[in-house]
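Chain A is the first sequence line, chain B the second, and so forth, proteins listed ahead of strands; every chain is numbered from 1.
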There are 2 protein chains.
Amino acid sequence: MVVVKMTEGVEWALHCCLDLAWAGDTPVPAARLAAHHGLPPAYLTKQLQALGRAGIVRSTPGPRGGYLLDRPPHTVTLMDVVAAVDGADPAFRCTEIRAGGPHTTRCAIDTAMARADLAWRRELAARTLADLDADVRRADPDAPAATRARLT
Amino acid sequence: MVVVKMTEGVEWALHCCLDLAWAGDTPVPAARLAAHHGLPPAYLTKQLQALGRAGIVRSTPGPRGGYLLDRPPHTVTLMDVVAAVDGADPAFRCTEIRAGGPHTTRCAIDTAMARADLAWRRELAARTLADLDADVRRADPDAPAATRARLT
DNA sequence: TAAATCTGGATATTTGATGTCCAGGATTCG
DNA sequence: CGAATCCTGGACATCAAATATCCAGATTTA
C-alpha cells in the first residue's frame with residue numbers, strides 16, 4: 001500500500017547516473033555497476049538501456065567499453081531519469097466522463113490529482129545530478145573519488 | 001511503467017466521498033454507490049471500510065442504513081482520503097547506507113525524492129471535498145442535486 | 001422474527017515489477 | 001584474423017501487490 005510509488009529501477013538508475021558522473025570519461029561496464037550496488041546485472045542492464053534511449057547515457061562495446069554519462073551533470077534533472085526509466089505517462093487518469101453535455105469536461109478529481117502530480121514533477125525537474133553531487137560532497141568530500149576508484 | 005501510481009481504490013473512494021457529501025444526512029448503501037459508478041460492490045466495500053476506520057465516513061447497519069460522510073466536507077482533504085485508502089507510508093526509501101562513518105546519513109537521492117513527495121502531499125492536503133464540490137458546481141450546477149437524487 | 005446492511009477474514013485472480021536467459025552484433029587486443 | 005569483452009533486444013519466468021469474490025457473523029429497522 002504505497003501512495004507515490006516508484007519502481008526500484010529508478011533508484012538504481014539514479015545511483016548509476018551519479019556513479020557515471022564521478023567516473024568521468026572512463027567507461028564503466030554494466031557488470032561493475034551492478035556489483036558495486038549488489039544488484040542483478042541482467043536487470044540493471046534494462047535500466048541502463050532505457051537511459052541510453054533517453055540520451056542520458058552512452059555505451060561503447062568491446063573491451064574497455066561500458067557506459068558513460070552522455071551529458072554534463074548539471075543538465076540532467078532527476079525528472080529526466082525518472083521519465084527515462086519509468087515512463088512519462090499521466091499519473092492519474094480519472095475514468096469518469098461528465099454526463100452533462102457533448103463536451104468531455106475533465107473531472108474535478110482528475111484536475112486536483114493532476115495538479116499534485118505536476119508539483120511532484122516540478123520538484124524533480126528542479127534538481128540535477130550536479131546538485132546531488134554537491135550534496136554528497138558536503139556530507140563526505142571523499143565519497144566521489146572513492147567511488148570513482150572502485151569503478152574504474 | 002507508471003511514475004506516480006495510485007491505486008484505483010483511491011479514485012473510487014474520492015468519488016464516493018463526494019457522492020456522500022452530496023447525499024447529506026441520508027445513508028447510502030455501498031451497493032448503490034457501487035452501482036452508480038459501475039464498480040464491483042464487494043471490492044468497493046473494502047475502500048469504504050478503510051474510510052470508516054479513518055473516521056472520514058460512518059456506517060449504519062440495517063434497512064435504510066448505509067454510509068454517511070462523518071465530517072464536514074471542508075475538513076476532509078484529498079490527502080486524508082488517499083492516506084486512508086492507500087496508507088501513509090514513506091514513498092521512497094533509498095536503501096544505500098553511507099559508508100563514511102557510524103552515522104547513518106540519509107542518501108542525497110533519498111532526500112531529493114522525499115522533497116518531491118512532500119510537495120505532492122502538500123498539494124493534496126491543500127484541497128478539500130468542499131473545493132471539489134465548488135469546482136463541480138462551477139462546471140455544472142445541477143450535477144450535485146442530480147447525483148443526490150440518484151443515490152437517495 | 002425477517003429483511004437489509006455492514007464487518008472482517010479467507011481466498012482467488014490479474015497485473016505489473018522484478019529477474020533470467022540467450023542469440024546476435026560491435027569493438028579491442030594479441 | 002581470432003578471441004575475448006561488452007552491449008542490444010527480445011522472449012520468458014517469477015513474484016508481490018492490487019483487484020476481486022465469497023461467506024459466516026453482527027447489528028439495526030420494521
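A:G52 comes within 4.0 angstrom of no nucleic acid atom, judged by non-hydrogen atoms across all strands. Backbone-only contact: B:R53 has heavy atoms under 4.0 Å from sugar-phosphate atoms and none from a base. Among the heavy atoms of the strands lying under 4.0 Å from A:A30 are primed sugar atoms or P, OP1, OP2 only; no base atom is included.
Listed for the A:T152 side chain is a donor-acceptor partner under 3.5 Å among the backbone atoms of A:R148. Not a single donor-acceptor pair under 3.5 Å links the side chain of A:T75 to the backbone N or O of A:R71. Formation of a donor-acceptor pair under 3.5 Å by the A:D86 side chain with backbone atoms of A:T7 is found in this model.
Under the 30°/60° scheme for interplanar angles, the aromatic rings of B:Y43 and B:W12 are found to stand perpendicular.
If you check D:dA18, C:dT7, D:dA20 against the side chain of B:T45, the one that comes closest is C:dT7. When the nucleotides C:dC21, C:dT7, D:dT8 are ranked by their closest atom to the side chain of B:S59, C:dT7 comes out on top. Of all nucleotides listed (C:dA17, C:dC6, D:dT21), C:dC6 comes nearest to the side chain of B:Y67. You'll find that the side chain of B:P29 is closest to C:dC6, out of D:dC6, C:dG19, C:dC6.
Mapped onto DNA chain C by nearest heavy atom, A:P63 and B:P61 fall at different nucleotides, with B:P61 at the one closer to the 5' end. Along DNA chain D, the nucleotide nearest to B:R64 and the one nearest to A:T60 differ in position, and the one closer to the 5' end is contacted by A:T60.
Side-chain N/O atoms of A:K46 and base N/O atoms of D:dG10 include a donor-acceptor pair closer than 3.5 Å.
The nearest whole Å value for the distance from the CD atom in A:E8 to the C1' atom in D:dA17 is 14 Å.
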